[in-house]
Asks: 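Structure incoming, see below.
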Amino acid sequence: MKIEGTLEDIIFRNEENGYTVGILDFKGTMVTIVGKLISANEGENLSLEGEFVKNKKYGYQFSFTSYETIMPKTLAGIEKYLSSGLIRGVGPVTAHNIVSYFKYNTFDIIEMAPERLSEIKGISKDKAMEIGLKFKELKSLQNTVMFLQGYNISTNMALKIFEIYSDKTVEIVKNNPYRLVEDIDGIGFLTADKIAKSIGIPSESEFRVRAGLIHSLNNSTEKSGNTYLPKKMLISQAAEVLELNEDDYIELFESAIESLVNDKTCMVMWHKETEIILLTKYYRYESGIAQKIALLNGAINKQQLDVSKDIKFFEERNHLSFHEEQKNAIQNSINSGISIITGGPGTGKTTIVKCIIEILKQNGQEIMLLAPTGRASKRLSDATGEDAKTIHRALDVNPFASGGSRFVHNENNPLKTNCVIIDEVSMVDVMLMFSLLKALPRDCKLILVGDKDQLPSVGAGNVLGDLLDSKVISTTMLTKIFRQADNSLIISNAHLINQGVMPVIDNSSSDFFFEEKFDLGEIKNSVVDLVTRRLPNFTNLESNQIQVLAPMKAGVCGIDNLNRTLQEIINPPAPSKFEISVGLNTLRVGDKVMQTANNYNLVWKRQINFLEEEGEGVFNGDIGYIEMIDYQTNETVVMFDDGRRCIYPRTEIGDLSLAYAITIHKSQGSEFDVVVIPVIAGASIILTRNLIYTAVTRAKKMVVLVGEKKNLKRMVSNAYTVKRFTLLKDLLIESVEKVSKLFD
């Protein structure tokens with residue numbers, strides 16, 4: 001239904017997302033209204049569309065989903081509207097003087113002839129023109145938001161679009177809504193396509209084909225980690241999305257590709273006798289990485305340091321004896337501009353890093369320890385006794401930047417350090433590696449530490465794999481296992497899995513168990529019972545501290561179904577717990593949640609030794625707990641594992657998901673005391689050896705697998721790895737050759 005009236009009072013307003021609680025004079029009756037307004041000013045006449053709902057705490061309210069601002073028609077209304085603070089520089093006195101002078105022509109004068117406002121005493125010509133400009137901007141903004149709301153675009157997203165296109169928004173969207181796909185983060189092809197169809201843009205429009213190509217490239221990057229696609233494959237995928245026959249429209253596809261190349265959105269090139277297409281920014285990322293690494297690689301110490309005495313001293317003080325390959329790793333890292341140390345669990349990577357840190361410090365070097373995630377950086381800090389940060393935190397997120405310049409530190413403002421050591425480097429994607437390398441000083445040493453057999457990064461590229469495959473960087477492969485407790489099987493079984501051998505399963509160890517179940521429902525019920533009852537009793541851990549890692553999102557044993565079941569047992573609904581619906585799921589106070597996308601603008605605070613630290617940025621994979629949900633605004637407070645407390649406005653809560661169960665991909669870089677893994681049948685391209693290897697190596701104290709042994713055997717035997725389309729390896733070989741010629 002629709003109601004119309006005057007906004008008499010504003011009870012609450014969140015300026016960040018527009019959520020407003022106000023009192024509307026509706027035909028003499030004061031009605032509480034709740035919803036999102038672009039601007040809210042007492043005296044505004046509003047036409048609202050929504051419905052009356054009964055709030056348990058506040059009674060009946062009119063919850064509106066769309067609205068229209070109606071200019072007041074009475075002199076008192078016009079005066080109240082102008083004096084509300086809507087237009088900067090117009091207060092009650094100025095508003096009274098304007099309305100007294102121009103009467104019912106006030107709005108026409110302000111909009112069409114603002115210079116006439118200077119006829120009023122106290123208003124200069126400059127101020128008159130400023131009032132007119134502000135009035136036009138406000139009217140344009142309101143009209144734009146109402147136009148976009150008609151296509152189910154949120155108020156926040158509408159504001160984002162208006163910031164970019166300004167008063168040309170309606171014209172641009174009407175002429176080519178597919179521009180939204182290219183220009184606005186968060187607007188996908190399906191949204192733009194829906195607008196286009198309603199406007200009447202034909203399905204074979206070049207605008208549409210162009211957007212379909214970009215959508216297919218983005219989809220390939222986000223879901224498969226590719227930085228490019230073969231041209232034929234791209235056209236085929238885009239044709240499927242666009243529901244166009246590629247043979248009938250091949251000229252149209254070629255024309256759209258040419259258009260994308262001409263405006264530098266995409267690049268077309270030949271790679272290994274195949275014509276490929278990629279978004280220009282990804283070529284910039286990979287070529288930038290290759291060039292900087294080639295320079296670092298060329299900066300090898302001319303006078304090689306013999307650190308054998310330093311190593312011996314470290315061994316004596318720490319009562320250990322390094323293997324020859326470990327000594328080589330230390331020697332290579334100290335004497336190389338860039339080096340890689342890779343090996344599985346228990347091979348001594350952390351001990352090597354501690355020794356490297358000690359030697360470099362003795363030589364007056366300043367060292368920075370980094371990791372891709374908060375959990376990984378905390379683990380690195382605990383293991384080495386040194387301060388470690390996330391890469392994002394070290395680079396310092398700049399909330400006012402966009403595109404590839406998201407960080408404070410870059411080539412113009414480098415990090416102040418002599419050496420950077422990155423742990424869990426297999427998780428680092430091309431965008432983050434590019435940003436970090438830009439911020440390294442020219443004479444900085446870079447040491448990359450990770451496990452080459454884990455899954456590649458969630459984001460685009462295959463950085464560690466490509467660096468290793470290039471064979472141009474000093475690399476030490478650690479193979480000998482040192483850390484192995486008595487009666488412990490986690491580490492040895494992880495290595496067996498990595499070799500394609502079935503792990504030892506006799507359930508007599510202290511940390512590796514297999515429970516055989518055959519039916520999917522039985523597997524799910526056993527996983528839930530383990531997490532909520534049996535393991536807490538056995539380990540004295542809370543259910544929240546036991547992590548389920550599943551191969552997939554969907555299905556009986558997928559994380560979506562497991563999360564709903566675990567939530568109802570671990571954190572059931574209660575009158576004292578506020579909750580909020582997010583898609584098909586419910587989030588409530590006390591829930592364990594994960595951030596599922598990088599958000600560079602969310603502000604967080606953290607208490608450290610009685611001091612409060614503040615920063616921006618919450619990142620994909622961060623895990624925490626919901627502390628509070630505001631009943632009126634739906635703002636949600638999350639406390640993350642590393643102590644950051646973040647307030648989520650309602651519009652950002654969609655990036656949170658339940659985390660009692662998470663996918664194995666999302667667990668990369670994390671360690672959990674106890675891990676429970678459902679072992680199920682499925683597609684061989686998903687259920688692979690490196691997937692189960694990654695899952696097992698996430699556990700510190702205990703692994704429990706539930707399912708059929710034959711399905712575990714299939715995974716262990718399945719050495720299939722998805723080939724990512726990337727250019728980094730070849731670009732790196734090429735760059736190193738160029739740099740070596742310069743040094744020669």
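Here, residue 1 is the first one in the sequence, and each next residue gets the next number.
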Asks: Using the side-chain hydrogen bond (donor to acceptor under 3.5 Å, both in side chains) rule, pick out the option among Asn690, Thr697, Asp453, Asn493 that qualifies with Asn498.
Replies: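 Passing option: Asp453.
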Asks: Inspect the contact between Arg442 and Glu411 and indicate whether a charged nitrogen and a carboxylate oxygen are less than 4.0 angstrom apart.
Replies: no
Asks: Should the pair Arg644 and Phe640 be classed as cation-pi, given the thresholds of under 6.0 Å to the six-membered ring centre and 45° from the axis?
Replies: yes
Asks: Got a donor-acceptor contact below 3.5 angstrom from the Thr596 side chain to the Asp655 backbone?
Replies: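 A pair under 3.5 Å: yes.
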Asks: Under 3.5 Å, is there a donor-acceptor pair between the side chain of Lys701 and the main chain of Asp511?
Replies: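 Pair absent, no side-chain N/O of Lys701 close to backbone of Asp511.
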Asks: I'd like to know if the side chain of Asn226 reaches the main chain of Phe725, judged simply by a donor and an acceptor atom lying under 3.5 Å from each other, with no hydrogens or angles considered.
Replies: yes
Asks: Arg606 side chain to Asp642 main-chain N or O, any donor-acceptor pair under 3.5 Å?
Replies: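 Yes, because the side chain of Arg606 sits within donor-acceptor range (under 3.5 Å) of the backbone of Asp642.
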Asks: For Cys557, does its backbone N or O pair with a side-chain atom of Asn561 as donor and acceptor, under 3.5 Å?
Replies: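 Side chain of Asn561 to backbone of Cys557, a donor-acceptor pair under 3.5 Å: no, none is there.
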Asks: For His665, I'd like to know if atom NE2 has over 12 heavy atoms of other residues, nucleotides or ligands within 6.0 Å.
Replies: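 Open.
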Asks: For Gln595 and Asn620, which I'm curious about, is there any donor-acceptor pair between the side chains at under 3.5 Å?
Replies: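 Distance-only check fails for Gln595 and Asn620.
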Asks: Looking at Gln454, is its backbone amide N or carbonyl O close enough to the side chain of Ser426 to form a donor-acceptor pair, meaning the two atoms are under 3.5 Å apart?
Replies: no
Asks: Which of these passes side chain to side chain contact (heavy atoms under 4.5 Å, CB included) with Tyr660: Val548, Val593, Ile570, Leu562?
Replies: Ile570
